[in-house]
Every structure is written in C-alpha cells, then in structure tokens.
Engineer: 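Can you read through this structure? Questions will come right after.
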Amino acid sequence: MNDILGNWKRSHYCGQLRATDIGQEVCVMGWVQRRRDHGGLIFIDLRDRDGIVQLALDPDRDPEAHAKADRVRNEWVIAAVGKVSPRPEGTVNPKMPTGEVEIEISELRILNQAQNPPFMLDEFTDVAENLRLKYRYLDLRRTSVQNCLMLRHKVTRSARKYLDDNGFLDIETPVLTKSTPEGARDYLVPSRVNAGQFYALPQSPQIFKQLLMVSGFDRYAQIVKCFRDEDLRADRQPEFTQIDCEMSFVDRDDVMDIMEGLISTIFKETIGVELKLPMPRISYAEAMDRFGVDNPDLRFDMELVDITPIVKGCGFKVFASVAEQEGGLVKAINAKGCATFSRKELDDLTEFVAIYGAKGLAWVKIQEDGSWQSPIAKFFTEQELAEIGKTLDAEPGDLLLFGADTATIANEALGRLRQHLGQKLGMVSKDDFRFVWVTDFPLLEWDSEEKRHFAVHHPFTAPLDEDVSHIDTDPGKVRAKAYDLVLNGSEIGGGSIRIHDSSVQQKMFDLLGIGEEEARAKFGFLLDALAFGAPPHGGIAFGLDRLVMILAGTDSIRDVIAFPKTQKATCLLSEAPSEVDEKQLRELNIRLSARAKKD
RNA sequence: GGGGCUGUAGUAGAGUCGGUUACAACGCCGGCCUGUCACGCCGGAGGUCGCGGGUUCGAGUCCCGUCAGCCCCGCCA
C-alpha cells in the first residue's frame with residue numbers, strides 16, 4: 001500500500017540544500033536513486049530534477065520511518081520530512097554539491113512503488129540507445145540527459161528575451177499548409193473535408209513570414225517546428241526546431257549584425273561564454289578555395305592549396321591531365337607532422353576520400369633529410385618538387401595529401417579530409433567556438449540530370465545588386481544575398497534578403513523552369529502579395545537543435561530532443577508511425593496499395 | 001537506393017582454432033551489518049547467444065538471408 005501525499009508541501013528541491021540550511025525542517029520529494037542499508041542505519045539518495053540529497057534514517061529516531069525505508073527500492077517515489085543536519089566529522093562527501101549535509105528523517109511517505117527499471121539509471125552504465133529510446137521517460141530521469149533539455153530551455157528563453165528586446169513579434173504561422181515544389185520532400189496530411197486534397201507540414205514558415213513583412217509587422221520571430229521527409233543523420237531529425245526571424249527595411253549587414261547579437265547573448269546567458277564580435281565573414285568562393293567546403297571548421301588551419309598551375313604539364317599524367325582539363329583542379333593539404341602515418345592509415349584516408357568520389361589520394365612523406373618518400377615523387381622534376389613544397393610550406397615530418405579531379409570532387413574530398421584529420425589529430429576542442437559567416441553564395445546551381453537550374457538557397461532569395469544585370473546572360477554567375485552562419489564546421493543558421501518585387505520573383509521562377517501557370521498555382525498568393533507594396537526584407541533561421549548540440553558538447557541531435565526518432569524515422573516509445581483503422585482511411589478517401597498492405 | 005559497424009542473462013561485456021554443463025562484473029532476490037555515499041560481506045535466481053536457413057559428427061563461433069539500432073553516401077530549397 002502506498003501512502004497519500006496528504007497536505008505535505010515540498011519545501012526544497014533536493015539539490016538546493018547546503019550547510020547554510022542546517023537546522024531547518026524541510027520536506028523533499030523525489031525518486032530513490034540508491035539505498036544503502038547498514039543493518040541499523042539506512043541511507044537513501046533522493047533525486048529530483050535539481051540534484052541528489054542524502055536522507056539518513058536512524059531506527060532509534062523513528063522506527064516507523066526506518067521500517068518503511070527498509071522496503072524502499074530504486075526509483076520508488078517518496079516524500080520525507082526531517083531536519084537538515086551537518087554530516088558527522090569525516091563523512092562529508094566532496095563529490096556531491098549537497099555533500100556537507102544530510103536530512104535526518106522523522107517521517108517518510110511512500111508515494112508510489114516502481115518496477116525494477118530495465119537499465120541502471122546512473123551515469124556509469126552505457127545503455128544501448130534503442131533501449132533508452134523505448135523507455136525514454138526513464139532515460140530522461142538521468143541527470144546528464146535532463147541537463148541537455150534544461151540547457152535547451154535556457155537557450156530558447158534567452159533567444160525569446162533578446163528577440164523581444166529588439167522588437168521582434170512572435171506570431172504563429174500555420175502547421176497545416178500548402179505543399180510547394182522545390183526543396184525537401186513534404187510530409188502530407190490528407191484533408192477529410194476536401195476529398196483527394198492534402199495539406200503539407202511546413203519545411204519552414206518561409207512564405208508566411210514574408211507575408212507578415214508585407215503586412216507591416218516589421219520584425220517577426222518564432223521558435224517553430226519544421227518538417228522534412230528526408231533521411232536522418234546524427235544531426236538531422238524529420239521534425240526539428242528553428243529560431244525563425246524576418247525583418248523589413250534591411251540589407252544583409254543589418255540582419256547579420258543583429259543576429260550576431262542574438263547568438264552572443266545566448267552563449268553568454270547559457271554557458272557563460274563571451275564571444276568576440278563582429279564574427280568573421282568570408283565569401284562562398286573563398287570558403288571553397290581555402291577549405292573546400294561551404295561550412296569550414298575554423299578551429300584549425302590545414303588549408304587547401306591550389307597547385308593546378310604548378311602541375312600543368314608535369315610528368316605525372318594524373319595531375320597533368322586534370323590540370324589541363326576545363327574545370328579540373330589539383331589541390332593539396334599539408335598534414336603537419338603526419339609523415340609517421342602507417343600504410344594502413346594512408347589506406348584508410350584513401351578509402352575516406354573515395355566516399356566523396358575521389359578516385360585516389362596521392363601522398364608525400366617529407367623525410368628528416370628533406371627528401372620525398374612517395375609513389376609519385378619520381379614523376380616530378382626537382383624544380384616542380386621544390387615549388388610544390390614551397391607552396392605547401394612543407395617541412396621534414398610533414399605529410400602532403402593531394403586531390404586531383406573536377407573542382408567539385410577535389411574540393412569536397414580534400415575539404416572533408418581536412419575536417420576528418422582535424423578530428424583524428426585532436427585539433428578541435430569542444431570548448432572552442434569559432435564562428436564564420438559565409439556569404440555571396442551562387443544564386444543558382446545547374447542540375448545536369450534535370451537540365452535546369454535549382455535555387456541554391458530557395459526561390460525567394462534576392463540576387464546581389466551588382467549581379468542583377470547578368471541574370472539573363474549568365475545566370476550561373478549570379479551571386480545571392482544569402483548568408484550562412486557556420487560554427488565549428490556545422491551550419492547552424494542560414495538566410496537571405498528576399499525578392500520583394502513581384503516581377504523579379506516571376507523572373508526567378510522562369511529561371512527555375514517553373515512556368516507562369518505553375519508559379520500562379522503554387523505561389524500565386526506570394527506573387528500577389530509582393531505586388532501590393534512589399535517592403536525590402538530579409539531574415540534567417542537557426543537550427544535550434546544543432547545549436548544546443550554544440551552548446552551541450554554532444555554529437556547526436558537525439559541527445560537534445562526529449563522524444564527523438566530513430567534513423568528509420570520511428571519512435572520506439574510510442575511506436576509511431578503505425579497502421580490506422582480502415583474506417584479512418586475511408587473517411588479520408590484513402591485506399592492503400594497492395595504493396596503497402598503487404599508490408 | 002547504396003557502403004560500413006553492432007547484436008551473448010535485466011544491463012554492459014569476455015567467450016581463443018568450430019569441441020564437455022556459455023563465463024566473471026553490475027543489477028535483482030534472500031541473509032548479515034549503525035556512517036555509508038557506485039557501501040561492504042555471504043548465499044541464490046536469472047540464457048530463444050536478434051531471427052531464419054545452410055555447412056559440419058558437432059555452430060555463440062563459419063556461410064547465406066533477414067530484422068533492429070547506429071555512422072556515412074545519395075537526399076536534406
């Protein structure tokens with residue numbers, strides 16, 4: 001039988017109690033973390049969200065409470081009243097914040113019993129993630145997991161305050177909305193009232209926040225769920241949260257300035273880190289040139305070096321032919337002090353770059369006497385060797401790694417290799433926060449399979465003023481008023497100045513191969529709105545989950561989401577998704593294909 | 001759609017070259033213990049070796065398939 005809570009009121013959270021509370025009568029409630037039975041004396045570590053405090057139950061003080069403590073097991077829910085007391089000489093536990101005190105219990109109530117949990121709820125056992133997710137409500141009792149979600153709360157609180165202080169209005173946008181082409185795959189919701197028609201869950205509130213600017217709200221911000229039906233990754237969930245912002249009468253620098261303020265406020269208020277502003281800004285072209293990727297990790301150097309001009313016409317066919325090819329690129333990085341890498345390690349690196357399409361990875365070990373140990377050294381003249389070495393700042397003990405391919409593959413392979421080596425060589429610290437704005441992205445990219453342009457950012461992104469003139473003659477060269485904020489190699493936010501002229505927007509749809517009729521059908525309401533006096537405007541959206549991941553120092557987005565989904569987009573706790581009743585389907589006018597039924 | 005890693009008591013692991021009854025730890029249950037704090041000591045229970053098939057005299061171990069979880073490529077305006 002359980003006791004009732006009765007008129008007991010909690011006076012303190014467990015983790016609050018300190019030596020300064022000694023002498024107070026307190027009432028605490030929580031879960032039994034651990035029970036230590038000494039035959040006479042019983043100790044209970046009581047846990048709530050704030051921490052752990054030790055309860056001491058002496059049979060001489062209250063036999064009834066002691067008898068109850070004898071029955072208690074791990075994870076039972078209890079309430080206790082008693083006096084905060086100093087621990088006897090020599091029994092203070094310096095590992096616990098509450099370790100100077102204990103509560104001498106005078107009365108104990110067992111509020112609920114608990115089955116033995118399927119895994120230990122301490123910080124010492126590494127439990128398989130599928131089990132943790134199935135019993136997520138138990139997993140979430142663990143201090144380390146609770147801390148992540150409390151940090152997330154602090155981040156959103158801090159963001160809301162900053163945005164409010166800076167005039168942003170929090171306005172909700174629809175969750176049941178319209179499917180739009182381009183972008184990610186939509187999650188669809190059937191409409192019962194309109195047979196055969198579907199809503200889509202928003203990939204982002206993009207169009208609605210632009211409409212709010214047309215309405216004159218001037219500044220909008222929302223912490224909002226977004227949905228994308230794409231495959232999952234360590235940092236990607238099908239439903240995720242954005243800090244979504246939009247501002248009127250601004251250009252790029254205005255948005256970046258005020259958003260740097262947001263990020264630095266969050267860092268200061270959540271983990272006490274003071275960021276240096278303004279954050280560095282580099283162009284997309286520079287990012288690709290120096291780092292091979294548009295999300296460079298600036299915590300270490302090892303930049304990519306272009307040696308295409310040097311190897312043009314050299315004796316090594318692989319390099320020479322790429323160098324002479326239109327769009328070919330030969331680049332290299334210098335892994336300082338890595339000449340000690342084994343054959344196996346070099347093979348692993350070769351395998352690594354193959355993932356990104358590289359056909360091989362040439363390497364050179366610089367020996368102590370300055371000579372080159374390399375399968376390819378013999379193809380180069382002394383002068384070429386010297387020039388390559390000088391360009392790469394090669395010194396004895398260094399390992400030079402080369403990629404030769406199309407610009408896309410060479411950059412990506414070496415860029416990823418650079419980030420891989422930075423990790424492998426321990427050149428990155430989780431306490432080091434290096435931000436960079438990447439700007440001047442291309443507006444469009446050419447899809448050779450579908451033979452049309454796609455918007456690199458999204459179809460509402462404005463071109464750079466100075467590039468507008470060649471939008472018709474050379475659309476691939478047009479740069480966008482877009483910007484990504486990159487932190488430690490992770491894209492944590494991105495945005496742009498939008499097109500606010502309906503004729504420019506119409507032209508953009510033309511470029512994307514979206515005909516006038518289709519544009520009207522899909523985006524007519526936006527085009528109409530832009531024609532009714534839309535102000536210049538732009539904005540940004542931050543990935544809240546990714547931001548919290550970095551602040552928490554974790555590598556999995558699931559650690560910062562209370563109820564995350566598995567890589568197959570299922571919820572092991574609720575067992576969603578699941579089949580539904582035939583009746584529900586009938587109401588929605590949906591019939592399953594034979595294949596879906598069989599599965 | 002593709003590549004890779006993992007799967008053995010409740011948990012996390014060991015299990016050699018294919019060979020007798022699958023190990024020890026933590027947890028759990030019982031007993032003892034009045035200053036522990038991941039308490040200690042004694043005893044006990046607990047196994048579909050993910051699942052299915054194959055090779056073999058014999059499979060946790062080798063092979064094939066499959067399922068689940070994870071990491072990655074594609075995908076993610």
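Numbered from 1 within each chain, the chains take letters A, B, ... in sequence-line order.
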Engineer: What nucleic acid atoms does A:Thr461 come within less than 4.0 Å of, heavy atoms only: base, sugar-phosphate, or nothing?
Structural biologist: nothing

Engineer: Could you tell me the separation between the CG atom of A:Leu131 and the C1' atom of B:U8, rounded to a whole number of Å?
Structural biologist: 15 Å

Engineer: In terms of side-chain heavy atoms of A:Gln567, which of B:U34, B:U11, B:C72 is nearest?
Structural biologist: B:C72

Engineer: Look at all strands and tell whether A:Arg61 reaches a base, only sugar-phosphate, or nothing, counting heavy atoms closer than 4.0 Å.
Structural biologist: nothing

Engineer: Does the pair A:Gln222 and A:Thr173 meet the rule for a side chain to side chain donor-acceptor pair (under 3.5 Å), with working shown?
Structural biologist: CA-CA 9 Å; A:Gln222 190 185 188; A:Thr173 50; 3.0 Å; yes

Engineer: With sugar-phosphate meaning primed atoms plus P, OP1 and OP2, does A:Thr570 contact a base, only sugar-phosphate, or nothing at under 4.0 Å between heavy atoms?
Structural biologist: sugar-phosphate

Engineer: Side chain of A:Arg73, base of B:C29: donor and acceptor closer than 3.5 Å?
Structural biologist: no

Engineer: Between the base of B:G69 and the side chain of A:Arg132, is one N or O donor paired with an acceptor at under 3.5 angstrom?
Structural biologist: no

Engineer: Under 4.0 angstrom, heavy atoms only, what part of the nucleic acid is A:Glu129 near: base, sugar-phosphate, or nothing?
Structural biologist: sugar-phosphate

Engineer: By the 4.0 Å heavy-atom rule, please label A:Asp37 as base, sugar-phosphate, or nothing.
Structural biologist: base

Engineer: Would you say whether A:Phe43 stacks on B:U36? The test is a distance between ring centres of less than 5.5 Å and an angle between planes of less than 30°.
Structural biologist: yes

Engineer: Write down the distance separating the C1' atoms in B:G47 and B:C64, rounded off to the nearest Å.
Structural biologist: 26 Å

Engineer: Pick base, sugar-phosphate or nothing for A:Asp231, based on heavy-atom distances below 4.0 Å to the nucleic acid.
Structural biologist: base

Engineer: Under 3.5 Å, is there a donor-acceptor pair between the A:Asn488 and A:Ser490 side chains?
Structural biologist: no

